Amino acid sequence: MKIQLIRNATMKIEYGGKTFLTDPMLSPKGAIRSFAGIAENPTIDLPISVDEVLQGVDAVIVSHNHPDHLDEPALAGLDKTLPVFCQPCDDSFLVEKGFERVFPINSKHTWEGIDFHRTGGRHGQGEIGKLMGEVSGFILQASGEPTLYWAGDSIWCDEVKEAIKKFSPDVIITHSGGAALPGHDPIIMTGEQTMALVQAAPDAKVVAVHMESLDHCTVTREGLRKMGDEASIPGSRLIIPKDGETVNL
């Protein structure tokens, strides 16, 4: 299994003989409105060309329909015949955008020998959580592959804890940028919450992404690595890839 972080939550995951593109945000630097009043988003360019991002993709997984996870260039540039896996509430939107093979996952779906399980999450707490809407994570399982849990845009919460307990994932991908809208608590995992997840899954490798590419994210790679060092968690267990970097698992 390989995970190439492109930028933010956009990854190319090689799993079960297939290449999945996750949460494609393909906009150039500054093309999306500011979320925190600091800068236009994304705050950095893609590390590779859009053509390279799309090359070799067999299917797409969309965790939820927010512009930093599915943007206009992605909607325009993706092959509409690619299978797209999503949460049920995003099904009709994707069909309206022209995608011909949309698979909303209620709980479990099997495709090409790969089992998908959809997991819950919370995109913040209280009123901001309600405003941000429904989000999902996904478990991938296949013969000869580690169990992968992509937690998605969620804070550390009961739904994430339950997914770890139920599936005992070997690899967990977290969105660890501590994104926060002005006047509200974080809407994805902070550094402290990421560390709590690492401690709660001592047998898993954790790959932390969704950092240093949006103006409302507050956690840096350096800051998260420092927290891991202080907790004696080695880089082999808390993996913090750079944009464009490929992690072999």
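Bear in mind the structure is a predicted one, so any value in this text is a computation, not a measurement. Along the sequence shown, residues are numbered consecutively beginning with 1.
- With sequence neighbours left out, His123 forms a ring pair (Phe, Tyr, Trp, His ring centres under 6.0 Å) with His64, His66.
- Every residue two or more places apart in sequence or in another chain that forms a ring pair (Phe, Tyr, Trp, His ring centres under 6.0 Å) with Phe85 is listed here: Phe103, His109, Trp111, Phe116.
- Minimum interatomic distance between Leu5 and Pro241 (heavy atoms only, all atoms of both residues): CD2-O, 3.5 Å.
- More than 12 non-hydrogen atoms from other residues, nucleotides or ligands lie less than 6.0 angstrom from NZ of Lys80.
- Side-chain heavy atoms closer than 4.5 Å link hydrophobic residues (I, L, V, M, F, W, Y) into clusters, and following such links, even through other members, never connects Ile155 to Leu181.
- By the criterion of side-chain heavy atoms lying less than 4.5 angstrom apart, applied directly or through intervening Ile, Leu, Val, Met, Phe, Trp or Tyr residues, Ile61 is not grouped with Leu78; the two fall into different hydrophobic clusters.
- With hydrogens and angles ignored, the 3.5 Å screen pairs no side-chain donor or acceptor of Asp45 with any backbone N or O of Pro28.
- A single hydrophobic cluster is seen to contain both Val171 and Leu140, as judged by linkage of ILVMFWY side chains at heavy-atom distances under 4.5 Å, directly or through other members.
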* After noting the C-alpha distance and the side-chain angles of Asp68 and Asn41, does the key distance pass the side chain to side chain contact (heavy atoms under 4.5 Å, CB included) rule? -> CA-CA 8 Å; Asp68 56 323; Asn41 291 300; over 6 Å; no
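- Looking at every heavy atom in both residues, Thr190 comes nearest to Gln193 through OG1-N, 3.1 Å.
- Across all their heavy atoms, Arg7 and Leu26 have their closest contact at NH2-C, 3.8 Å.
- No side-chain heavy atom of Leu148 sits less than 4.5 Å from a side-chain heavy atom of Leu249.
- With sequence neighbours left out, the side-chain contact (heavy atoms from CB on, under 4.5 Å) criterion links Asp79 to Thr81, Leu82.
- Interatomic distance, NE2 of His184 versus CE of Met132, reported as 10.0 Å (0.5 Å rounding).
- Panel note: side chain His175, backbone Gly152; a donor-acceptor pair is recorded below 3.5 Å.
- Between Pro88 and Pro104, the closest heavy-atom pair is CA-CB, 3.8 Å.
- Here Val160 sits in one hydrophobic cluster together with Ile139, Tyr149, Trp156, Ile164, Phe167, Ile172, Met189, Met195, Leu197, Val198, Val206, Met211, Val219, Leu224, Met227, Ile233, Leu238, Ile240; the rule is ILVMFWY side chains under 4.5 Å apart, joined directly or through other members.
- Within a 6.0 Å radius of NZ in Lys161, other residues, nucleotides and ligands contribute more than 12 heavy atoms.
- Looking only at side-chain heavy atoms (C-beta outward), Ile173 and Val209 come within less than 4.5 Å of each other.
- Hydrophobic cluster membership differs between Phe20 and Val84, with clusters built from Ile, Leu, Val, Met, Phe, Trp and Tyr side chains linked at under 4.5 angstrom.
- In this structure, the separation between CD1 on Ile3 and NZ on Lys205 is 10.5 Å, given to the nearest 0.5 Å.
- Pairs of residues two or more places apart, or lying in two chains, that qualify as ring pair (Phe, Tyr, Trp, His ring centres under 6.0 Å) and include a residue from residues 33-56 are Phe35-His216.
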Name each donor-acceptor pair under 3.5 Å that joins a side chain in residues 52-59 to protein atoms two or more places apart or in another chain, with its distance.
{"unit_1": "Glu52", "atom_1": "OE1", "unit_2": "Ser49", "atom_2": "N", "d": "3.1"}
{"unit_1": "Glu52", "atom_1": "OE1", "unit_2": "Ser49", "atom_2": "OG", "d": "3.2"}
{"unit_1": "Asp58", "atom_1": "OD2", "unit_2": "Thr19", "atom_2": "N", "d": "2.8"}

Dump the intermediate steps for side chain to side chain contact (heavy atoms under 4.5 Å, CB included) on Ser136 and Thr119, then the final yes or no. CA-CA 6 Å; Ser136 295; Thr119 61; 5.9 Å; no
Could you list the donor-acceptor pairs under 3.5 angstrom formed by side chains in residues 90-97, with sequence neighbours left out?
{"unit_1": "Asp90", "atom_1": "OD2", "unit_2": "Asn65", "atom_2": "N", "d": "3.3"}
{"unit_1": "Asp90", "atom_1": "OD2", "unit_2": "Gln87", "atom_2": "NE2", "d": "3.1"}

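- Side-chain contact between Ile188 and Ser154: absent, with no pair of heavy atoms (C-beta onward) separated by less than 4.5 Å.
- A donor-acceptor pair under 3.5 Å is formed between the side chain of Thr218 and the backbone N or O of Gly178.
- Taken from OG1 in Thr246 to CD1 in Ile13, the straight-line distance is 11.5 Å, to the nearest 0.5 Å.
- Side-chain atoms of Gln4 never come within 3.5 Å of backbone atoms of Met11 as a donor-acceptor pair (strictly under, hydrogens ignored).
- Side-chain contact between Asp153 and His210 is present, with heavy atoms from C-beta onward closer than 4.5 Å.
- With sequence neighbours excluded, no residue forms a salt bridge (Lys or Arg N to Asp or Glu O under 4.0 Å) with Asp185.
- A donor-acceptor pair is defined here as one N or O able to donate and one able to accept, closer than 3.5 Å; no such pair exists between the side chain of Tyr15 and the backbone of Ile114.
- Legend: side chain to side chain donor-acceptor pair (under 3.5 Å) pairs involving residues 235-244, not counting sequence neighbours, sorted by first then second residue: Arg221-Asp243.
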* Glu112 and Lys18: side chain to side chain contact (heavy atoms under 4.5 Å, CB included), yes or no, with the steps? -> CA-CA 9 Å; Glu112 298 288 340; Lys18 300 296 182 181; 3.9 Å; yes
message: Between Val60 and Phe99, does the side chain to side chain contact (heavy atoms under 4.5 Å, CB included) criterion hold? Intermediate values first, please.
response: CA-CA 11 Å; Val60 180; Phe99 291 95; over 6 Å; no
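- Other residues, nucleotides and ligands place no more than 12 heavy atoms under 6.0 Å from the CD atom of Gln125.
- Side-chain N or O atoms of Asp170 include one that pairs as donor or acceptor with a backbone N or O of Thr147 at under 3.5 Å.
- Clustering ILVMFWY residues whenever any of their side-chain heavy atoms sit less than 4.5 angstrom apart, transitively, puts Trp150 in the very cluster that holds Met1.
- A salt bridge links Lys130 with Glu127: at least one charged nitrogen is closer than 4.0 Å to a carboxylate oxygen.
- Leu46 CG to Ser213 OG: the interatomic distance, rounded to the nearest 0.5 Å, is 10.0 Å.
- Considering every non-hydrogen atom in both Pro24 and Ala74, the closest pair reads O-CB, 3.3 Å.
- Scored by the side-chain contact (heavy atoms from CB on, under 4.5 Å) test, Ser34 finds Glu40, Asp215 as partners (sequence neighbours excluded).
- For Met25 against Pro42, the heavy-atom pair with the smallest separation is CE-CB, 3.9 Å.
- Applying the side chain to side chain donor-acceptor pair (under 3.5 Å) test to pairs two or more places apart or on separate chains, those with a residue in residues 20-29 are Asp23-Ser63, Asp23-His69, Ser27-Asp71.
- For Glu134, the salt bridge (Lys or Arg N to Asp or Glu O under 4.0 Å) partners two or more places apart in sequence, or in a different chain, are Arg118.
- Side-chain contact between Ile6 and Lys12 is present, with heavy atoms from C-beta onward closer than 4.5 Å.
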